**Student:** 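So that we are looking at the same thing, I have put the structure below in structure tokens.
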Amino acid sequence: MQIFPHIVSIGSKKNNAIQLESFHESIADFIRIFSIIDGKYEWQIRDEQYQLYPGDTVLVLPGRRLSSIKGFLEIGTIAWVHLRVERLDKGDFIAGEWSSLSDSERFTIGNILLSNKPVIRSRTDETSRIFGVLRNELFNHEIGFHTRVNQLLDELLVMITRQLTKQGNPGRDFPKTFLQLEQKLRENLSHQWSVEEMAATVGMGTTLFNVKVKTYTGFTPTNYLINLRIAESIKLLRKPELNFTDIALDTGFYSSQHFSTTFKKLTGYTPSEFRKKGSADS
Amino acid sequence: MDCIISIELGTNAVRVYAFDLKGATIAFAKGSYPTFHPYPDYSEQDPEQIFITMLYVLKNLLNEKIHSQKHKVVSICFSASMHSLLAVDKHGAPLGNVITWADSRGQKEARALQDSPMAEKIYGVTGTPIHPMSPLVKIVWLKNLQQDIFRQTEKFMSLKSYIIQQLTGACVIDHSLSSATGLLDIYKREWDTTALEYAGIQADQLPEPVPINYSPGKLLTQYRVSLGLPAATKILVGSSDGCFATLGAGVWDDYKATVTIEDSAAVRVVGTSVLIDKKQRLFNYILDDTHYVSGGPSNSGGIVFEWFAKQFGDFKDAYDLETCMEDLMTEASTVDPGSERLLFLPYLLGERAPIWNAHARGVFFGVNINHERKHFARAVIEGIMYQMYSIEKMLQEHRNIKQISVNGSFASIPFCIQLIADIFNLPVSASTNASSVSMGAYLLSATDIGVYKSIEDAARSVTLSQACKPNIHNNNIYTGYYSVFENLIGKLGPDFEALARL
């Protein structure tokens with residue numbers, strides 16, 4: 001595995017007998033992806049309990065606790081890939097340099113994996129198919145296998161990300177989907193959201209996302225986000241202890257200059273005029 | 001060309017219309033904002049987001065379609081959803097979000113007031129049914145459960161009051177909206193001392209009640225300059241969406257009623273007298289100096305059919321709800337009236353008039369082995385209309401209604417218009433305007449600058465589509481079903497309560 005330092009382990013296991021005390025609680029500093037092939041499992045990931053069935057994919061992120069509720073590995077067959085990723089500050093992570101995804105895609109995927117449930121319920125079992133091909137490539141060493149293995153890992157991450165976001169958004173209720181996004185934007189307004197990232201967060205392609213947001217809200221996604229930033233900044237401007245640079249950065253503007261220009265363009269007031277107006281009213 | 005701007009601060013979106021002086025729409029734009037439900041009973045909105053959205057939409061519309069065409073804005077008139085409450089501190093800063101009409105956190109407080117001897121007096125004087133929607137009940141909730149916020153509150157405002165204060169500095173509320181707060185004496189048009197006492201507040205903690213054609217003064221200079229408006233542009237406080245929708249539908253005579261169905265719904269009549277309902281089921285809101293709008297609101301409008309479509313419709317393309325609903329509507333229209341003995345009670349969100357039961361829930365009744373999706377689709381639509389009919393029947397106890405005018409996106413669908421005609425057994429006309437609410441705002445503004453002699457003249461100028469006549473054969477069928485519908489509601493009352501207690 002020396003040419004794939006990011007692959008910690010790959011394998012499958014058919015468990016025919018119960019061995020008591022065989023499954024201990026563990027925390028790893030890499031991603032553990034399991035595919036349930038056969039049998040029924042009761043696992044606990046962080047503080048949540050999950051019943052797992054064939055076809056399910058389980059995702060245990062770095063630093064997250066995994067244990068079996070019964071303390072042993074149940075009878076059945078599972079396959080796994082353990083994958084090392086680069087940890088960033090604030091607990092998020094991205095796939096390493098082996099990945100051919102772009103920086104922003106890797107970042108978005110990391111965020112989406114962090115903010116969704118760790119289990120994909122699926123009847124198609126894409127995960128175990130990719131696992132199978134991966135194992136063949138690693139065993140056979142055919143021409144191009146080095147590239148092919150890394151491509152398959154990218155494919156695995158992309159597939160899991162798409163399925164996770166689609167699982168939460170079945171494509172029926174746009175207002176509900178959009179509200180989920182709005183809440184994520186508000187929780188992290190200082191982040192430099194791109195339209196691709198906003199769309200991916202709710203499991204949509206950028207083209208459809210742009211059209212739907214425009215029809216539903218009357219704004220392009222970018223303008224909708226600017227409105228949110230300005231609305232939030234108005235609340236912060238009422239707090240005299242905050243300075244303009246902090247307000248600008250907290251609400252996602254590049255600088256206090258960028259904040260000031262955008263604010264003035266929309267309201268007619270500069271932030272400092274607006275703050276004075278507020279204190280003059282009372 | 002001179003033009004009139006109407007700004008509707010609706011439940012889900014702000015809609016801005018520009019009219020020429022004859023009432024033709026020359027421009028339209030909308031921007032939506034979300035409603036948050038931090039707990040199931042809560043419905044809140046962000047006041048600054050609404051303000052910024054409104055400003056952005058207005059500015060774009062002016063730049064792209066008004067200034068560029070050299071139109072001159074004569075006046076700007078506002079309307080808003082009823083029953084909103086926003087607590088504001090002594091610096092004018094909101095203490096949290098706006099609590100909307102749909103919020104039902106005050107169920108306990110509403111029940112306590114209903115059970116008190118004050119109920120009859122407060123309902124009689126204020127015209128607002130005692131219900132969690134009422135700002136009076138919301139203030140009592142704050143007093144009981146959020147004492148910090150209650151104590152810090154300098155003013156209890158409506159959303160529209162807040163927006164107008166941002167733009168002009170004035171702290172006012174129009175008579176229509178204030179008559180939907182549960183706090184205004186609708187006869188004297190001043191804050192009612194009994195209601196104030198019950199809420200535990202002083203009159204000066206509320207905005208000043210003013211007539212709907214009152215001008216709160218000019219826009220603050222920066223906003224005016226930024227929007228590119230002339231100094232002479234007049235601001236009118238306007239009315240509530242419900243009162244404007246009734247005016248804009250041209251309903252002025254007491255034999256006419258409007259049926260409005262958007263997400264939620266209402267049946268309303270206009271008159272010079274307040275309708276006294278012993279069972280406290282009706283609202284009486286002030287329209288202008290002499291007229292009241294009376295009626296009953298329903299939670300079970302187009303949102304119920306939307307729910308059905310989202311759950312059971314076919315989505316050929318992701319999120320294409322419009323096509324999905326059209327297809328279901330077409331399917332439904334192939335089923336005979338009565339949906340082959342399938343009935344639906346549409347109370348997915350509890351219900352207001354006429355049953356005023358927050359615990360009421362949806363029911364399919366009479367399902368048999370031959371029923372297909374199309375029968376369910378039709379039953380849902382018929383159920384929404386039976387519910388509308390139950391409100392109209394209640395109004396018939398006070399008025400002899402002979403004609404219906406419908407408006408709102410759901411009621412204006414031709415299939416729905418015919419259903420209303422057949423179920424109500426009355427001729428039904430539809431508004432030809434895109435928005436009856438903004439038409440109402442136009443009529444008020446146009447009267448203010450002398451295009452019409454009076455509001456009454458303005459209302460009579462509204463043209464409606466050719467009336468759709470009821471089909472007697474179908475009406476007979478629906479009458480039979482409606483009596484089962486009514487029986488079911490009566491019988492299920494205790495079970496709705498039992499279900500809520502589980």
Side-chain angles (χ1 to χ4, degrees), chain A residues 166 169-183 185-186 202-205 207-209 211-219 223-224 226-240 262-270 273-282, chain B residues 12-16 28-38 46-57 59-61 88-94 154 165-166 169 171 219-228 263 306-307 309-315 317-322 324:
Chain A
K166 289 213 171 82
N169 300 285
R172 287 172 174 255
D173 195 340
F174 189 74
K176 204 172 185 174
T177 297
F178 191 71
L179 188 60
Q180 285 176 13
L181 174 65
E182 164 121 11
Q183 267 150 353
L185 296 177
R186 281 170 178 266
V202 289
M204 292 174 77
T207 313
L208 179 65
F209 180 73
V211 173
K212 284 288 156 190
V213 172
K214 180 83 184 142
T215 345
Y216 175 60
T217 70
F219 300 108
N223 283 344
Y224 191 89
I226 290 175
N227 287 355
L228 265 185
R229 297 193 198 288
I230 296 280
E232 186 59 28
S233 74
I234 286 185
K235 289 177 205 163
L236 299 179
L237 282 171
R238 292 218 178 87
K239 298 182 177 162
T262 316
F263 194 91
K264 166 120 184 152
K265 204 169 134 196
L266 183 53
T267 66
Y269 289 90
T270 64
E273 284 169 344
F274 191 88
R275 180 173 265 178
K276 271 187 213 129
K277 161 185 171 284
S279 50
D281 282 351
S282 57
Chain B
N12 309 312
V14 53
R15 291 180 174 78
V16 182
F28 165 72
K30 78 152 198 182
S32 68
Y33 33 75
T35 303
F36 303 107
H37 308 282
D46 177 347
E48 308 304 355
Q49 185 179 23
I50 294 178
F51 178 65
I52 288 300
T53 305
M54 188 260 334
L55 208 57
Y56 202 128
V57 171
K59 189 167 177 167
N60 278 349
L61 177 118
V88 170
D89 74 7
K90 62 175 191 273
H91 303 293
E154 179 89 357
Q165 190 185 38
Q166 294 306 298
C171 184
L219 289 177
L220 298 178
T221 316
Q222 267 85 347
Y223 291 124
R224 187 176 64 70
V225 172
S226 159
L227 293 167
D263 281 355
E306 242 183 63
W307 161 82
K310 281 172 192 165
Q311 310 311 321
F312 307 112
D314 296 325
F315 282 73
D317 295 310
Y319 296 113
D320 188 3
L321 184 61
E322 267 73 53
C324 167

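Predicted model only: the values in this text are computed from it and were never measured.
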**Student:** Find the one option among B:Ser226, B:Ser32, B:Gly31 whose heavy-atom pairs under 4.5 Å with chain A are most numerous.
**Tutor:** B:Ser32
**Student:** Just give me the residue among B:Pro34, B:Pro94, B:Ala309 that pairs up with chain A most often, heavy atom to heavy atom, under 4.5 Å.
**Tutor:** B:Pro34
**Student:** Please classify the contact of B:Lys59 with chain A as side chain, backbone, both or neither, using a heavy-atom distance under 4.5 Å.
**Tutor:** side chain
**Student:** Quick check: does any side chain N or O of A:Lys212 sit under 3.5 Å from a backbone N or O of A:Phe174, one acting as donor and the other as acceptor?
**Tutor:** no
**Student:** Between chain B and each of A:Gly268, A:Gly171, A:Gly218, count heavy-atom pairs under 4.5 Å; write down the option with the most.
**Tutor:** A:Gly171
**Student:** Is a side-chain donor or acceptor of B:Lys30 paired with a backbone partner of B:Val57 at a separation under 3.5 angstrom?
**Tutor:** no
**Student:** Side chain from CB out, backbone as N, CA, C, O: work out which of these in B:Gln311 comes under 4.5 Å of a heavy atom of chain A, or both, or neither.
**Tutor:** backbone
**Student:** Check whether A:Leu266 gets within reach of chain B through its side chain, its backbone, both or neither, counting any heavy atom under 4.5 Å.
**Tutor:** both
**Student:** Select, from A:Arg172, A:Arg238, A:Lys265, the one with the greatest count of heavy-atom pairs under 4.5 Å involving chain B.
**Tutor:** A:Arg172
**Student:** Name the region of B:Thr35, side chain, backbone, both or neither, that has any atom closer than 4.5 Å to a heavy atom of chain A.
**Tutor:** backbone
**Student:** Shorter than 4.5 Å, heavy atoms on both sides: which option in A:Thr267, A:Leu208, A:Asn169, A:Ile226 has the most such pairs with chain B?
**Tutor:** A:Thr267
**Student:** Taking the basic N atoms (NZ, or NE/NH1/NH2) and the acidic carboxylate oxygens, is any pair closer than 4.0 Å for A:Lys277 and A:Glu273?
**Tutor:** no
**Student:** Roughly how far, to the nearest 0.5 Å, is CE of A:Met204 from OG1 of A:Thr177?
**Tutor:** 7.5 Å
**Student:** Indicate whether any N or O donor in one side chain lies under 3.5 Å from an N or O acceptor in the other, for A:Glu182 and A:Tyr224.
**Tutor:** yes
**Student:** Which atoms of B:Ala93 are under 4.5 Å from chain A, going by heavy atoms: the side chain, the backbone, both sets, or neither?
**Tutor:** both
**Student:** Centroid-to-centroid, B:Tyr56 to A:Phe219, below 6.0 Å?
**Tutor:** yes
**Student:** Please determine whether a side-chain nitrogen of the Lys or Arg among A:Arg229 and A:Glu232 lies less than 4.0 Å from a carboxylate oxygen of the Asp or Glu.
**Tutor:** no
